[in-house]
Amino acid sequence: MLNIVLFGPPGAGKGTQAEKLITKYNLAHLSTGDIFRTNIKGETKLGVLAKSYMDEGDLVPDEVTIKMLEAEVNKNPESTGFIFDGFPRTTTQAEALADFLKGKGTEITIMLALEVVEEELIKRLLSRGRDSGRADDQDENIITNRIKVYNEQTAVVADFYNAQNKFQKVDGVGSIDEIFDRLCSVIDTQQVSL
Ligand code: ADP
């Protein structure tokens with residue numbers, strides 16, 4: 001299996017690149033942000049809970065996020081691999097994912113970390129907010145809090161994968177196709193060496 005953690009701060013381009021990668025490598029795309037937003041739209045219990053955190057730009061508690069993610073993986077038993085987008089966002093989530101995948105006889109192949117400077121992130125998020133109407137992209141205070149949460153709680157997740165030699169940085173500035181090519185060349189090199 002090819003299991004990729006697509007990593008990076010809010011606005012780094014994870015969702016855009018994930019959509020291209022799933023087609024090329026025949027993977028299932030699991031975006032925790034998208035799953036939460038679907039639940040919010042459907043007014044499920046999980047959606048109501050998630051909304052209260054997402055509206056502030058805070059993380060949804062680990063326990064519910066992990067349970068939801070595991071359920072989504074289990075919905076795709078035929079999949080030959082996954083792209084985890086927006087997950088894991090804490091070390092606790094990374095540890096839970098490792099245990100869960102181990103139980104299925106598989107593991108994370110690689111973490112690809114998209115690097116984009118903060119000024120560019122804020123620009124991209126505000127522009128997405130205008131186009132998509134996503135509430136958490138329209139308010140600069142919420143955006144700033146999401147970047148702060150990323151720096152304080154999520155950035156350390158890279159160390160977890162780095163310790164296993166699975167961490168790769170990729171320049172996230174450039175055209176969508178340029179960045180995609182960079183990601184593919186890292187994946188292809190990694191696969192050859194597996
Ligand atoms: P972005 O990466 O642009 O912040 P996402 O759609 O990935 O956008 O996430 C939106 C929000 O969903 C986050 O700010 C957070 O509140 C919640 N969320 C998404 N993934 C997780 C996660 N793994 N753990 C906790 N909360 C999450």
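None of the values given here were measured: they were computed from a predicted structure. Note that ligands are numbered from 1 as they come in the structure, with each ligand's atoms numbered from 1 the same way. Residue numbers start at 1 and run along the sequence shown. Only heavy atoms go into these numbers, but all of them, side chains included; no hydrogens, no water, no symmetry mates.
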For this session: Go through the steps for Thr109 and Met1 under the test side-chain contact (heavy atoms from CB on, under 4.5 Å), then give the verdict.
Result: CA-CA 8 Å; Thr109 315; Met1 280 180 99; over 6 Å; no
Seminar exercise, completed: A student checking ligand 1 against Pro10 at a 4.0 Å heavy-atom cut-off should list atoms 1 (P), 2 (O), 3 (O), 4 (O)
Problem set entry | Close side-chain approach of Leu27 and Leu2, heavy atoms under 4.5 Å | yes
Exercise. Is atom CD of Glu63 surrounded by more than 12 heavy atoms (other residues, nucleotides or ligands) closer than 6.0 Å?
Worked result: no
For this session: Please say whether Asp85 places an N or O atom under 3.5 Å from an N or O atom belonging to ligand 1.
Result: no
Problem set entry | For Gln93, atoms of ligand 1 separated by under 4.0 Å from a heavy atom | 22 (C), 23 (N), 24 (N), 25 (C)
For this session: Flag the pair Arg37 and Asp34 as a salt bridge only when some basic side-chain nitrogen lies within less than 4.0 angstrom of an acidic carboxylate oxygen.
Result: yes
Problem set entry | Note: Asp136-Lys51 ion pair, threshold 4.0 Å (strictly below) | no
For this session: Just go through Arg134, Arg146, Gln153 and tell me whose heavy atom is the nearest to atom 5 (P) of ligand 1.
Result: Arg134
Exercise. Hey, would you say the Tyr150 and Phe7 ring centroids sit under 6.0 Å apart?
Worked result: yes
Exercise. Tell me, which pairs form a side-chain hydrogen bond (donor to acceptor under 3.5 Å, both in side chains) where one or both residues lie in residues 166-182, sequence neighbours left out?
Worked result: Lys20-Asp177, Glu107-Lys166, Gln164-Lys166
Exercise. Can you list the atoms of ligand 1 that are under 4.0 Å from a heavy atom of Gly11?
Worked result: 3 (O)
Exercise. Would you say Ile83 and Tyr25 make side-chain contact, with heavy atoms under 4.5 Å?
Worked result: no
Problem set entry | Val149 contact mode with ligand 1 (heavy-atom cut-off under 4.0 Å) | neither
Problem set entry | ligand 1 N/O within reach of Leu59 N/O, cut-off under 3.5 Å | no
Exercise. Relative to the heavy atoms of Thr65, which atoms of ligand 1 are at a distance of less than 4.0 Å?
Worked result: 22 (C), 23 (N), 24 (N), 25 (C)
Exercise. Which residue owns the protein heavy atom closest to atom 26 (N) of ligand 1, what's the atom, and how far is it?
Worked result: Val60 N, 3.0 Å
For this session: Would you mind checking which non-hydrogen protein atom is closest to atom 7 (O) of ligand 1, with the distance to 0.1 Å?
Result: Arg89 NH1, 3.2 Å
Exercise. Which atoms from ligand 1 have a heavy atom of Thr32 less than 4.0 Å away?
Worked result: 19 (C), 20 (N), 21 (C), 23 (N)
Exercise. Is there a side-chain contact between Lys67 and Glu70 (heavy atoms, below 4.5 Å)?
Worked result: no
Exercise. Among protein heavy atoms, which lies nearest atom 12 (O) of ligand 1, and at what distance?
Worked result: Met54 CE, 3.3 Å
Exercise. Are Pro10 and Ile143 side-chain neighbours, meaning at least one heavy-atom pair lies under 4.5 Å?
Worked result: no
For this session: Could you find the nearest protein heavy atom to atom 27 (C) of ligand 1 and give me its residue, atom name and distance?
Result: Phe36 CE1, 3.7 Å
Problem set entry | Per-atom contacts, ligand 1 versus Asp58 - under 4.0 Å to a heavy atom | 15 (C), 16 (O)
Exercise. Of Lys14, Glu56, Arg128, Arg37, which has the heavy atom at the shortest distance from atom 6 (O) of ligand 1?
Worked result: Arg37
